[in-house]
Amino acid sequence: MSAVRHVRLAIIGSGPAGYSAAIYSARAMLKPVLISGPATGGQLTITTDVENYPGFAETIQGPWLMDQMRAQAAHVGTAFIDDTVDAVDFAEEPFRLTLASGETVLAESVIIATGAQARWLGLPSETTFKNLGVSACATCDGFFFRGKSVAVVGGGNTAVEEALYLAGLASDVTLIHRRDELRAERILQERLFAHPKISIVWNSAVDEVLGDMTVPEGAFNPVGVQGVRVRNLQTGAIDDLKIDGLFVAIGHAPSSEVFKGQLRMSKSGYIKVKAGTVQTSRPGVFAAGDVTDEVYRQAVTAAGQGCMAALDAARFLHQKDHNSAQETEKLQVSAA
């Protein structure tokens, strides 16, 4: 028979949102249990240099930051389960979480912080040069390409916005799109077409990321990306484009599959929350970070939402305790 664990608050996910929720809820004496998921620490564990997280004057490493958040959450009383959630049932309280190990967690409240994953091109060379010139976040990594040549792959709002953002930092930006027209909103397209530093390669796909894995003497990292091999999808012509950085902007996929049918979601799979809050369509279940954020997708915004979720979960549970105490008091009066 599988084990059953009863908890006041279960947190699903272990990135900035999950760890922040754990820290705040543990300090509120909720004794949270955090279920880490398949990738402990989330996307920051595959991010090397982090320069935009507040509080650090020098560049820090993403895995180190996640280790510090986890240690802080543990220090204030968070318990951890290094497992994944295979199924959930939010139909009634306590909420039921079924883990891959077979364990069942029954929780009075749940915070979902499972994040989202960038969609990649699927090229072996892309994987080789991730964090060495290949990125899926211009606002995260654009700073490293000031005055350099970069390319953006994609044709939707995200790709155009990233190209416009990078144009304020890089010497030049090339947008590579597999069709002959963009899917982005018209106003964004107009800004893109009018920008003197942005050029477009139509009807084309990236076949290979070109670069050098040699570490120069006195350096810590390889040379990295030096170009991309682009194939025209109509003519088959191959052209090598010399660049210093490649930004893949073909969308993100929220890690929300297990919650389908349980909570309201957008067409793209992001968990919907009440405007200005982290409250999902099910009272007592909260969502924070990239799993609900289609716009910002930053570590600091995820951490902030994790804090909000913890505070709201505390209010929910305290109100539940209050209502239970009142009901008990009524029963005692009736029995007297």
Side-chain angles (χ1 to χ4, degrees), residues 13 15-17 37-39 42-47 112-127 129-131 133-142 145 150-167 173-189 191-192 198 200-209 225 228 230-231 233 243 245-260 263-273 287-299 301-302 305:
Q43 292 191 76
L44 274 183
T45 58
I46 58 172
T47 302
I112 300 168
T114 48
Q117 303 296 321
R119 292 190 175 97
W120 297 94
L121 300 174
L123 304 172
S125 55
E126 173 190 53
T127 302
F129 290 103
K130 276 183 185 177
N131 299 315
V134 173
S135 171
C137 181
T139 52
C140 305
D141 300 326
F145 297 91
V150 299
V152 177
V153 179
N157 282 352
T158 299
V160 173
E161 288 169 350
E162 300 243 307
L164 289 167
Y165 175 83
L166 289 166
V173 179
T174 302
L175 182 70
I176 303 169
H177 186 42
R178 60 186 305 110
R179 298 182 176 85
D180 60 1
E181 61 180 4
L182 301 174
R183 302 186 312 277
E185 295 173 4
R186 180 57 57 183
I187 189 170
L188 290 175
Q189 293 191 41
R191 292 173 186 166
L192 183 87
I198 300 176
I200 305 175
V201 176
W202 300 104
N203 300 308
S204 297
V206 173
D207 273 1
E208 186 178 359
V209 181
V225 171
V228 286
V230 180
R231 175 170 49 91
L233 298 175
I243 58 170
L246 177 68
F247 290 83
V248 180
I250 55 176
H252 284 72
S255 301
S256 61
E257 184 71 26
V258 72
F259 308 110
K260 285 184 177 178
L263 302 170
R264 288 184 61 208
M265 296 184 184
S266 68
K267 290 182 180 179
S268 48
Y270 288 85
I271 295 174
K272 286 189 174 182
V273 293
D290 289 6
V291 73
T292 186
D293 180 6
E294 297 189 57
V295 179
Y296 301 105
R297 294 193 296 266
Q298 300 296 305
T301 54
Q305 290 179 356

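What you find for E185 and N157 is that their closest heavy atoms are N-OD1, 2.8 Å. Closest approach of V225 and F129 over heavy atoms only: CG2-CB, 3.8 Å. The minimum heavy-atom distance linking T139 with Q298 is given by the pair OG1-NE2, 2.9 Å. When every heavy atom of I243 is checked against every heavy atom of A151, the shortest pair comes out as CD1-CB, 3.8 Å. Counting all heavy atoms, side chain and backbone alike, A136 lies closest to H252 at O-CE1, 4.1 Å. When every heavy atom of R183 is checked against every heavy atom of G156, the shortest pair comes out as NH2-N, 3.6 Å.
Side chain of Q189 to main chain of A184: a donor-acceptor pair is present (N/O by atom type, distance under 3.5 Å, no hydrogens or angles). Checking side-chain atoms of T127 against main-chain N and O of S125 turns up no donor-acceptor pair under 3.5 Å. Formation of a donor-acceptor pair under 3.5 Å by the T158 side chain with backbone atoms of A249 is not found in this model. Although no hydrogens or angles enter the test, the distance criterion places no donor-acceptor pair under 3.5 Å between the side chain of D290 and the main chain of A302.
Note that the CH2 atom of W202 and the CG atom of L182 stand 4.0 Å from one another [nearest 0.5 Å]. Note that CD1 of I200 is 11.5 Å distant from CG of D180, once rounded to the nearest 0.5 Å. Taking CZ from R191 and CG from L164, the interatomic distance works out to 7.5 Å, rounded to the nearest 0.5 Å. Between atom NZ of residue K260 and atom CD1 of residue I271 there is a gap of 11.5 Å, rounded to the nearest 0.5 Å. Interatomic distance, L121 CG to I250 CD1, rounded to the nearest 0.5 Å: 5.0 Å. Remark: N203 CG to I176 CD1 distance equals 12.5 Å, nearest 0.5 Å.
In the model, Q305 has no side-chain atom that pairs as donor or acceptor with a side-chain atom of T292 under 3.5 Å.
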Side chain to side chain contact (heavy atoms under 4.5 Å, CB included) between V248 and V206, worked out:
CA-CA 10 Å; V248 180; V206 173; over 6 Å; no
List the steps and the verdict of side chain to side chain contact (heavy atoms under 4.5 Å, CB included) for F247 and V173.
CA-CA 10 Å; F247 290 83; V173 179; over 6 Å; no
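Side-chain contact between L188 and E161 is present, with at least one heavy-atom pair separated by less than 4.5 Å. Within the 4.5 Å cutoff, side-chain heavy atoms of L263 are placed close to those of I112.
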